[in-house]
Structure formats: structure tokens, C-alpha cells
K.L.:
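Quick one: structure below, then a few questions.
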Amino acid sequence: YQKKYSEALKLAQYSLILSKKNNDKSILPFLYGNVAKAYEGLKQLDSAIYYYKQKFVLLEETKQMDPQSQINANVNIGSLFIKMNKIKQI
């Protein structure tokens, strides 16, 4: 599985580059979520948290934040803090 997450990370990061290059902000939150998920799979939890937080910010900036998206973003970040035993930082 490690190799698949590494490949997924490369593809997700490349997609981010293309999206930024084309100034397509509407898809960025989704792409940041993909990068975060790949880092989570690689057990690089600090990086996963960073990208989940970026997803959260971009959802707000692009006015795509709805209650379900907000819940999902918070659950993703919260579950990583729990895995890292950093519950007080939530």
C-alpha cells in the first residue's frame, strides 16, 4: 500500500500544480484533501493535518463551505490529532 500512497501523492501534487497554474480555485479544496489523504496513508500525519487545514481554508475562501464539508474537515483533522495523541491541540 505504501507505494500506492506514494503514487497517489505525486499525482495529487501534480494536479495541484496544474490547478494553480490554470487559476482554478474551485477544485483546490478537493485536491488538498487528496494530498492530505495520501500523506495520512503514508503515516506523515503532520503533513496530512497541514493539507486538511488548507482544504478547510480554501472551502471558506471559495465559498464552498457547507455544513457537511465543515463536519468532514473537522472530523479529518480531529481524527489525526487523536492518532497523534495531541488531543489538546484540537
K.L.:
Can a side-chain donor-acceptor contact be found between Glu40 and Tyr52 if the only test is distance below 3.5 angstrom?
P.N.:
yes
K.L.:
Taking Ser15 for the side chain and Leu11 for the main chain, is one N or O donor matched with an acceptor at less than 3.5 Å?
P.N.:
yes
K.L.:
Could you walk me through whether Tyr39 and Leu45 pass the side-chain contact (heavy atoms from CB on, under 4.5 Å) check?
P.N.:
CA-CA 6 Å; Tyr39 275 123; Leu45 304 184; over 6 Å; no
K.L.:
Can you check whether Asp24's main-chain N or O pairs, donor with acceptor, with Ser19's side chain at less than 3.5 Å?
P.N.:
yes
K.L.:
State, to 0.1 Å, how close Lys53 and Phe81 come at their nearest heavy-atom pair, and which atoms those are.
P.N.:
NZ-CZ, 4.3 Å
K.L.:
Could you report the tightest heavy-atom contact between Lys20 and Leu28, atom names first, then the distance?
P.N.:
CG-CD2, 4.1 Å
K.L.:
For Val75, run the side-chain contact (heavy atoms from CB on, under 4.5 Å) check against Ile71, Asn72, Ile77 and tell me which one passes.
P.N.:
Ile71
K.L.:
Hey, mind stepping through Ser26 and Thr62 against side-chain contact (heavy atoms from CB on, under 4.5 Å) and telling me if it holds?
P.N.:
CA-CA 6 Å; Ser26 65; Thr62 59; 5.8 Å; no
K.L.:
Quick one: are Phe56 and Gln70 in side-chain contact, heavy atoms under 4.5 Å?
P.N.:
yes
K.L.:
Heavy-atom distance under 4.5 Å between the side chains of Asn34 and Lys37, does that happen here?
P.N.:
no
K.L.:
What's the separation between atom CG in Leu31 and atom NZ in Lys55, rounded to the nearest 0.5 Å?
P.N.:
10.0 Å
K.L.:
Can you tell me how far the CD1 atom of Ile82 sits from the CE atom of Met84, to the nearest 0.5 Å?
P.N.:
12.0 Å
K.L.:
Determine whether a donor-acceptor pair (N or O, by modelled atom type, separation under 3.5 Å) exists between the side chain of Asp66 and the backbone of Gln68.
P.N.:
yes
K.L.:
Any side-chain heavy atom of Leu58 sitting closer than 4.5 Å to one from Gln64?
P.N.:
no
K.L.:
Could you tell me whether the side chain of Tyr50 reaches within less than 4.5 Å of the side chain of Gln54, counting heavy atoms only?
P.N.:
yes
